[in-house]
Amino acid sequence: MERYCCKGVSVSVLCRFALVSAAFISGAALAFAQIQDNNDGRNVSSTTGNRSLDPGVRGGPAGAGGPLGGMSGDYENFFNAALTRFQEVDSVSGKITNEAGVGLGPRFNATSCSGCHAFPAIGSSSPASNPQIAMAVADGATNKVPRFITANGPVREARFVRNPNGTPDGGVHDLFVITGRSDAGSCNIAQPDFEDAINQNNIIFRIPTPLFGAGLVESITDTAILKNSANPQKAAFDISGQVNRSGNDGTITRFGWKAQNKSLVMFAGEAYNVEQGVTNELFPNERDETPGCMINALPEDSTVLSPTGNSGSSASDYSSDIINFAAFARLSAPPTPAAATTVTQAGQQVFNQIGCNLCHTPTINSGSMFYGTGLTNVPVNAFSDFLVHNMGIGLADQISHGLANGMQFRTAPLWGVGQRIFFLHDGRTSDLVQAIQAHHSQGSEANQVINNFNQLSATHAAALLAFLRSL
């Protein structure tokens, strides 16, 4: 079994790249991208058979973070208030200065949503500097930082593959406990034995998924996803894929690394309980019921019957945290790509020609009316088919979710990938080329596509990577 405990690669958020266009000689000739990476003197790019290099994190302002266009004032106010709630820092009872949120722990991975979903704007994925280091010892906590959490590595959660008796586990084992905190009372519990899990090859990691444009994804009909999945061109590349489905109503699920969550409210409720330890109306029970550690009335997050604040949105003021978190994601605009250039347009042609588009579908029309704007059949340019695919033994994590087995993962949406630092489900690399190469291993549906990538000329590969970093 492969051990997934690699150290995250340090990447400066000041990475820059320049694309130098060259003229087309013919329709088959592609412009070359001349790449420059400023990373404090450290070269984190990898090379392949075609000597392709990752241009690095796209510079300039964040291409995401604002509300969807075309919404009414009420919806925009709800978005802005929900964004504020998303950034609230939790403590155990909400009585610590600047930590007004209630319900942290007894076990947790982070103290706020925005601590994990941070770069390039609130709602995205891991920042370059990992906030979990400081969270581990905040307010007197005595946690030891596991060695797979590093200052310049990605925000991570840990899951154990097996229980001690050998049966499947798959659940999140939170990194930290509230023991020692000034607001923890008599709670005295220990962190999991992560060293033993590492030594037993019994641990895998997950990093935060970006939330921008998630409302548009939620609005895609099952019919639209199934219609796109029936693309006959996939067979020539040995690509299949399947939907994951809700065990409750049988409809297609689409959020999370294995497309295991049905809705944004479910996604938010589970994350609040699992990542921060906050019980809520969807998950009302503590995950650790050790005496002395159940400090607050349950659920700790619920509908507010008599709001005391005025956020500018009554909808936000009356709603629970998880409804606000879901609203923030639902009303967030999708990432805005960089302006197209001759090089990136050429790279998009390569993307389609070698078969990347067969899983990373550039656009699926929603097939429904989006409630925030009233627009119908909106194009969702997520670059995903929202299916789970067999990614081979190289990426397998041996964790099942619903219909997705231990070798299957949802096609990660590529919108916003130009400003993403860490890649793959466990954040094992900051190099886009390495992430591409990791799609190739025994049993992977992507093998033919990656073979095609490896056969590209340097010019074509550079154009493709420039296109991806433009998204």
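These values consider heavy atoms only, across backbone and side chains, with no hydrogens, waters or symmetry-generated copies.
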| task | Considering only NZ, NE, NH1 and NH2 on the basic side and carboxylate oxygens on the acidic side, decide whether Asp139 and Arg181 come within less than 4.0 Å. | result | yes

| message | Show the nearest heavy-atom pair for residues Thr429 and Asp431, with the distance to one decimal. | response | OG1-N, 3.0 Å

| query | Phe194 vs Phe160 aromatic rings, parallel, tilted or perpendicular, using cut-offs 30° and 60°? | reply | perpendicular

| task | Using a cut-off of 6.0 Å, state whether more than 12 heavy atoms not belonging to Asn98 lie near its atom CG. | result | no

Show the atom names and distances, to 0.1 Å, of all donor-acceptor pairs under 3.5 Å that link a side chain in residues 281-293 to residues at least two apart or in another chain.
{"from": "Glu281", "atom 1": "OE1", "to": "Thr303", "atom 2": "OG1", "distance (Å)": "3.4"}
{"from": "Glu281", "atom 1": "OE2", "to": "Thr303", "atom 2": "N", "distance (Å)": "3.1"}
{"from": "Glu281", "atom 1": "OE2", "to": "Thr303", "atom 2": "OG1", "distance (Å)": "3.1"}
{"from": "Arg287", "atom 1": "NH1", "to": "Asp174", "atom 2": "OD2", "distance (Å)": "3.1"}
{"from": "Arg287", "atom 1": "NH2", "to": "Val172", "atom 2": "O", "distance (Å)": "2.8"}
{"from": "Asp288", "atom 1": "OD1", "to": "Thr290", "atom 2": "N", "distance (Å)": "2.9"}
{"from": "Asp288", "atom 1": "OD1", "to": "Thr290", "atom 2": "OG1", "distance (Å)": "2.5"}
{"from": "Asp288", "atom 1": "OD2", "to": "Arg107", "atom 2": "NE", "distance (Å)": "2.8"}
{"from": "Asp288", "atom 1": "OD2", "to": "Arg107", "atom 2": "NH2", "distance (Å)": "3.2"}

| said: Tell me if a side-chain donor or acceptor on Lys258 pairs with a main-chain N or O of Ile399 at a distance below 3.5 Å. | reply: yes

| request: Specify whether Tyr272 and Phe325 have parallel, tilted or perpendicular ring planes, treating 30° as the upper limit for parallel and 60° as the lower limit for perpendicular. | output: perpendicular

| Below 4.5 Å, heavy atoms only, C-beta onward: do Ser219 and Phe370 meet side chain to side chain? | yes

| query | Do Thr111 and Asp90 have side-chain atoms, one donor and one acceptor, less than 3.5 Å apart? | reply | no

| query | Side chains of Glu275 and Asn109: is there a donor and an acceptor less than 3.5 Å apart? | reply | yes

| said: Between Trp257 and Arg410, is the side-chain contact (heavy atoms from CB on, under 4.5 Å) condition met? List the steps. | reply: CA-CA 6 Å; Trp257 282 104; Arg410 180 188 72 155; over 6 Å; no

| field | salt bridge (Lys or Arg N to Asp or Glu O under 4.0 Å), paired with Glu218, selected from Lys262, Arg330, Arg254 | value | Arg330

| said: Rounded to the nearest 0.5 Å, what separates atom SG in Cys113 from atom CZ in Arg85? | reply: 11.0 Å

| Does any donor atom in the side chain of Asn405 or His401 lie under 3.5 Å from an acceptor atom in the other side chain? | no

| His425 vs Phe409 aromatic rings, parallel, tilted or perpendicular, using cut-offs 30° and 60°? | parallel

| request: Find the distance between CE (Met71) and CG (Leu375) and round it off to the nearest 0.5 Å. | output: 11.0 Å

| message | Let me confirm one number: the CG-CG distance from Asn381 to Leu216, rounded to the nearest 0.5 Å. | response | 9.0 Å

| request: Carefully, step by step, assess Phe383 and Thr361 under the rule side-chain contact (heavy atoms from CB on, under 4.5 Å). | output: CA-CA 5 Å; Phe383 287 84; Thr361 306; over 6 Å; no

| field | Polar side chain donor-acceptor pair, Asp249 to Thr251, under 3.5 angstrom | value | yes

| query | Given side chains that start at C-beta, do those of Leu424 and Leu395 come closer than 4.5 Å, heavy atoms only? | reply | yes

| Quick one: does Arg206's side chain have a donor or acceptor within less than 3.5 Å of a partner on Ala158's backbone? | no

| message | Quick check: closest heavy atoms across Val102 and Ser93, and the distance to 0.1 Å? | response | CG2-O, 3.7 Å

| Quick check: does any side chain N or O of Glu445 sit under 3.5 Å from a backbone N or O of Gly241, one acting as donor and the other as acceptor? | yes

| Close side-chain approach of Pro208 to Ser126, heavy-atom, < 4.5 Å | yes

| Are any side-chain N or O atoms of Asp321 and backbone N or O atoms of Asp301, one a donor and one an acceptor, separated by less than 3.5 Å? | no

| field | From Leu387 atom CG to Gln408 atom CD, the distance as rounded to the nearest 0.5 Å | value | 10.0 Å

| request: Keeping the roles fixed (side chain from Gln87, backbone from Ser114), state whether a donor-acceptor pair exists under 3.5 Å. | output: no

| Flag side-chain contact, heavy atom, 4.5 Å: Asp397 against Asp426 | no

| Looking at Ala121 and Gly65, what are the two nearest heavy atoms and their distance? | CB-CA, 4.1 Å

| task | I would like to know whether Thr279 and Glu300 meet side-chain hydrogen bond (donor to acceptor under 3.5 Å, both in side chains); could you show each step before the answer? | result | CA-CA 5 Å; Thr279 57; Glu300 292 153 315; 2.8 Å; yes

| said: Does any part of the side chain of Phe78, heavy atoms only, come nearer than 4.5 Å to the side chain of Ser316, both counted from C-beta? | reply: yes

| task | Examine distances only and state if a side-chain atom of Ser384 and a backbone atom of Thr411 form a donor-acceptor pair shorter than 3.5 Å. | result | yes

| query | Going by atom types only, do Ser129 and Asn152 share a side-chain donor-acceptor pair under 3.5 Å? | reply | no

| request: Starting from the C-alpha separation in whole Å, work towards a yes-or-no answer on side-chain hydrogen bond (donor to acceptor under 3.5 Å, both in side chains) for Thr253 and Asn261. | output: CA-CA 5 Å; Thr253 51; Asn261 283 318; over 6 Å; no

| task | Could you walk me through whether Leu468 and Phe351 pass the side-chain contact (heavy atoms from CB on, under 4.5 Å) test, one step at a time? | result | CA-CA 9 Å; Leu468 293 172; Phe351 181 88; 3.9 Å; yes

| field | Atom OH of Tyr318: over 12 foreign heavy atoms under 6.0 Å | value | no

| Gap separating the CG atom of Leu83 from the CG atom of Leu331, nearest 0.5 angstrom | 11.0 Å

| said: Is there a side-chain contact between Pro154 and Phe148 in this structure, where contact means two heavy atoms from C-beta onward sitting under 4.5 Å apart? | reply: no

| request: Can you see which heavy atom on Gly63 is nearest to which on Gln419, and at what distance? | output: N-OE1, 2.8 Å

| task | Keeping the roles fixed (side chain from Glu99, backbone from Gly94), state whether a donor-acceptor pair exists under 3.5 Å. | result | no

| query | Does any N or O in the side chain of Ser366 come within less than 3.5 Å of the main-chain N or O of Ser368, such that one atom is a donor and the other an acceptor? | reply | yes

| query | Could you state the interatomic distance from CG (Asp385) to OG (Ser229), rounded to the nearest 0.5 Å? | reply | 8.0 Å

| So Asp183 and Ile295, side-chain contact (heavy atoms from CB on, under 4.5 Å) or not? Walk me through it. | CA-CA 10 Å; Asp183 55 356; Ile295 297 172; over 6 Å; no

| query | Checking Arg159 side chain against Phe205 main chain: does a donor-acceptor pair fall under 3.5 Å? | reply | no

| remark: Nearest heavy-atom approach of Val304 to Ser319 is CG2-O, 3.9 Å

| Taking all atoms of both residues into account, what is the closest heavy-atom pair of Ile393 and Met407, and its distance? | N-CE, 3.5 Å

| note | Residues passing the ring pair (Phe, Tyr, Trp, His ring centres under 6.0 Å) test with Phe79, sequence neighbours excluded, are Phe328

| request: Check for a donor-acceptor pair, side chain of Asn280 on one end and backbone N or O of Gly269 on the other, with a separation under 3.5 Å. | output: yes

| query | Do the non-hydrogen side-chain atoms of Gln132 and Phe176 ever get within less than 4.5 Å of each other? | reply | yes

| Minimum side-chain heavy-atom gap Val380-Trp415 below 4.5 Å | yes

